[in-house]
A.B. asks: 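I'd like to ask you about the structure that follows.
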Amino acid sequence: MRKRAPTFNRSPIMSVRVRFAPSPTGYLHIGGVRTALYSWLWARKHGGEFVLRIEDTDAARSTQEAVDVILESMRWLGLDWDEGPEVGGPHAPYFQTEREALYAEWAEKLIASGHAYRCWATKEEIQAQREAYEQGRGGKKGFKFRSPWRDRTDGDPSQPHVVRFKAPREGKTGWTDLVYGDVAYPNKEQQDFVLIRENGLPLYNFGCFVDDLTMGITLVTRGDDHLVNTPMQLMLYDAVGAERPQFAHLPMVLDASGKKLSKRSPGVGVAVLDYRDGGYLPAGVLNYLARLGWSHGDEELFTLEELIAKFDWKGVGKTGSRWDKKKLAHVQGHHLRSQDDATLAKLVTPFLAERGVEVAADDARLVNAIAPVKLRATTLIDLAEGLDYLFRPDAEIAPENDKAAKHLKPATAPYLEKVLEVVRATEPFTAEALAGPIESWVEAEELKMGKVAQPVRVAITGRTRSPGLFETLELVGKEASIARLEQALERARAAE
RNA sequence: GGCCCCAUCGUCUAGCGGUUAGGACACCGGCCUCUCACGCCGGUAACAGGGGUUCGAGUCCCCUUGGGGUCACCA
């Protein structure tokens, strides 16, 4: 059953400082972005700071390219950071690999105060203890290394060693999570986890602790797969006598089958940039992401400003949520249609270029065509598809498939002829001016508008779907309409 | 397996002891209509199971079941 998470009641005097701390793995995970979004919204809502920190202590995976992908993803989404890479800040550097001295310093403090110790145990020793455990208990899981160095001080610091935390073995360590409420872990489950490894770099829990502490983070947000790490970090705050930050853990984003969303999830893009390249708008992705796991009554559609105003932690649910492409498409389509035409014209240009259509973003024909076409589009790619025929040379306009081609046949030639005649005679060339003559002719001949419209539509667009016929004729223009109708007429007469 | 977390329509969710269990996506009808959309109207569809507490449980407690996370010199 759901328990109501406590409300955020930190003193308003204390500023909000939140951070997003991805590790550079080659792409920015869309689920991670939801965490970033909630944090960002919280910071913006309270006029606090949003810090971007790169957790790159896993040297094997971290590359500059991977960092660039993170920054580009965040920029595209519009989640701007107040401190972090490129913008700097009072707590620089913001790359963990550049903060090595700081970790060493805090490790020394912990050793000096008796909360941590140097451990010279070798991998072989640990392995031997592990094997003994497995044989003794008959199980492989739950092994906890008990270092012989926990209470010794006679090692040689010049020899390779790690630094371990002297974890308490009795009692419990708990906190009040902004999403999950009261959570506690028994200390006996803890082992003397490593703070600093042999190569001098900190392990996740220690790096995270030192950075969050020294960067003055007031609220730590992350995926609920980190729930189990929280006690370790809490112990560290307690050990140095520092005030603990608040924590908010977010449920996972799952794929359609209910598994944690990953690059292997079928049919779903996990990388943020997949959505940029797929023609989605940040507003659509962010709105969908916000609602996935957070709710505000019955409301579904939000602008970014509304999200900032309405977001709160008590609206965040505790259950993992599945990624629903259809619903994303719905929300995205709404945001696409909400954009003004000039903006969309600018945004769609690259997608048109990708299709070989070069047109200026402020081209009047482009801007004028946006309104009717965006009603029929979900993404910028759809928009580009729907705009494409307007800018192609007349000679390139041809039925896009068999279904379209079937509308151009001898039987429909008379319709094309009639419309061609009207097109030639109409001036000014507007949808209103064209509608009258064509509609009255259709009526007089006792035809159905559909019978006439489809062949004409295919003639001037090559497609069976487009905005209203008269509107489309106007958009295509008089000259091009004539050329395309003549061309289609030939096709129709030549067809079987 | 230990520890921790979770559980309302297919999906995302509202619900904070008394509701015909609401909304959204999807789906199915219908309207609009020159196509396709958009939009509008209507419909199918859920409290995992079992015990308690209570005058009264989707709401509180316990158990079961199911799902997830985590057990590193990864993050």
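Numbered from 1 within each chain, the chains take letters A, B, ... in sequence-line order.
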A.B. asks: What contact category does A:R222 fall into here, base, sugar-phosphate, or nothing, at under 4.0 angstrom with non-hydrogen atoms?
C.D. replies: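 Contact class for A:R222: none.
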
A.B. asks: Roughly, in whole Å, what's the span from CZ in A:F143 to C1' in B:G2?
C.D. replies: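 Rounded to whole Å, this separation is 14 Å.
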
A.B. asks: Does B:C47 have a Watson-Crick or wobble partner in any strand here, with both distances under 3.5 angstrom, and which is it?
C.D. replies: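 Paired with no nucleotide.
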
A.B. asks: Using a 4.0 Å heavy-atom cut-off across all strands, classify A:S295 as base, sugar-phosphate, or nothing.
C.D. replies: sugar-phosphate

A.B. asks: Report the C-alpha separation of A:D224 and A:K318 in whole Å, then their side-chain angles, then the decisive distance to 0.1 Å, and conclude whether the salt bridge (charged side-chain N to carboxylate O under 4.0 Å, His left out) test is met.
C.D. replies: CA-CA 9 Å; A:D224 73 4; A:K318 302 175 190 174; over 6 Å; no

A.B. asks: Does A:D224 get its side chain close enough to the base of B:G69, under 3.5 Å, for a donor-acceptor pair?
C.D. replies: no

A.B. asks: So what does A:L469 hit on the nucleic acid, given a heavy-atom distance under 4.0 Å: a base, only sugar-phosphate, or nothing?
C.D. replies: base

A.B. asks: Base, sugar-phosphate, or nothing for A:T464, non-hydrogen atoms under 4.0 angstrom?
C.D. replies: base

A.B. asks: Report the C-alpha distance between A:R322 and A:K327 in whole Å, list the side-chain angles of each, state the deciding distance to 0.1 Å, and finish with yes or no for side-chain contact (heavy atoms from CB on, under 4.5 Å).
C.D. replies: CA-CA 11 Å; A:R322 300 174 193 228; A:K327 183 149 185 180; over 6 Å; no

A.B. asks: Is there a Watson-Crick or G-U wobble partner for B:A37 with both distances under 3.5 Å, and which nucleotide is it?
C.D. replies: none

A.B. asks: Please confirm whether the ring centroid of A:Y180 lies under 6.0 Å from the ring centroid of A:W175.
C.D. replies: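 No, ring centres 6.0 Å or more apart.
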
A.B. asks: Hey, does A:Y204 reach any base, or is it just sugar-phosphate, or nothing, if we go heavy atoms under 4.0 Å?
C.D. replies: base

A.B. asks: Should the heavy atoms of other residues, nucleotides or ligands under 6.0 Å from NZ of A:K310 be counted, would the total exceed 12?
C.D. replies: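 Yes, enclosed.
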
A.B. asks: Please classify the nucleic acid contact of A:A184 as base, sugar-phosphate, or nothing, using heavy-atom distances under 4.0 Å.
C.D. replies: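 Contact class for A:A184: sugar-phosphate only.
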
A.B. asks: Let me know the distance between CD of A:Q332 and C1' of B:A26, rounded to the nearest Å.
C.D. replies: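 My rounded result for the distance is 18 Å.
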
A.B. asks: Report yes or no: is there a donor-acceptor pair, N or O only, under 3.5 Å between the side chain of A:R376 and the base of B:C36?
C.D. replies: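 Indeed there is one.
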
A.B. asks: Please classify the nucleic acid contact of A:G450 as base, sugar-phosphate, or nothing, using heavy-atom distances under 4.0 Å.
C.D. replies: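 Sugar-phosphate, no base atom in range.
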
A.B. asks: Mind checking if A:V162 touches a base, just sugar-phosphate, or nothing, with heavy atoms under 4.0 Å?
C.D. replies: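 Since a base atom lies under 4.0 Å of A:V162, the category is base.
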
A.B. asks: Which residue lies toward the 5' end of RNA chain B, A:E439 or A:K123, if each is placed at its nearest nucleotide?
C.D. replies: A:E439

A.B. asks: Name the nucleic acid region contacted by A:G468, choosing base, sugar-phosphate or nothing; use a 4.0 angstrom heavy-atom cut-off, strictly under.
C.D. replies: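 Base, at least one base heavy atom under 4.0 Å.
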
A.B. asks: Under 4.0 Å, counting only non-hydrogen atoms across every strand here, what does A:E55 touch: a base, just sugar-phosphate, or nothing?
C.D. replies: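 The answer is sugar-phosphate, as A:E55 gets under 4.0 Å only of primed atoms, P, OP1 or OP2.
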
A.B. asks: Is the phosphate of B:U11, meaning OP1 or OP2, less than 4.0 Å from a side-chain N or O of A:K327?
C.D. replies: no

A.B. asks: If you assign each of A:I126 and A:R322 to its closest nucleotide in RNA chain B, which residue comes earlier from the 5' end?
C.D. replies: A:R322

A.B. asks: Between A:Y415 and A:H407, is the ring centre distance below 6.0 Å?
C.D. replies: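 No: the rings miss the under 6.0 Å criterion.
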
A.B. asks: On the side chain of A:D225, is there an atom forming a donor-acceptor pair with the base of B:A75 - under 3.5 Å, no angle test?
C.D. replies: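 Answer is no: no donor-acceptor pair is held.
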
A.B. asks: Would you mind reading off the distance between A:R457 atom CZ and B:A37 atom P, rounded to a whole angstrom?
C.D. replies: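 Taking CZ of A:R457 and P of B:A37, I get 12 Å after rounding.
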
A.B. asks: Indicate, with a heavy-atom threshold strictly under 4.0 Å, whether A:P22 touches base, sugar-phosphate, or nothing.
C.D. replies: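 Counting heavy atoms under 4.0 Å across all strands, no contact is made by A:P22.
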
A.B. asks: Heavy atoms under 4.0 Å, any strand shown: does A:N229 hit a base, just sugar-phosphate, or nothing?
C.D. replies: base

A.B. asks: If you count the non-hydrogen atoms of other residues, nucleotides and ligands that lie under 6.0 Å from NZ in A:K409, is the total more than 12?
C.D. replies: no

A.B. asks: Identify whether any heavy atom of A:H226 sits under 4.0 Å from a base atom; if not, whether one sits that close to sugar-phosphate; answer base, sugar-phosphate or nothing.
C.D. replies: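 Base contact.
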
A.B. asks: Classify A:A121 by what it touches in the nucleic acid, base, sugar-phosphate, or nothing, heavy-atom distance under 4.0 Å.
C.D. replies: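 Answer is base: heavy atoms of A:A121 come under 4.0 Å of a base.
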
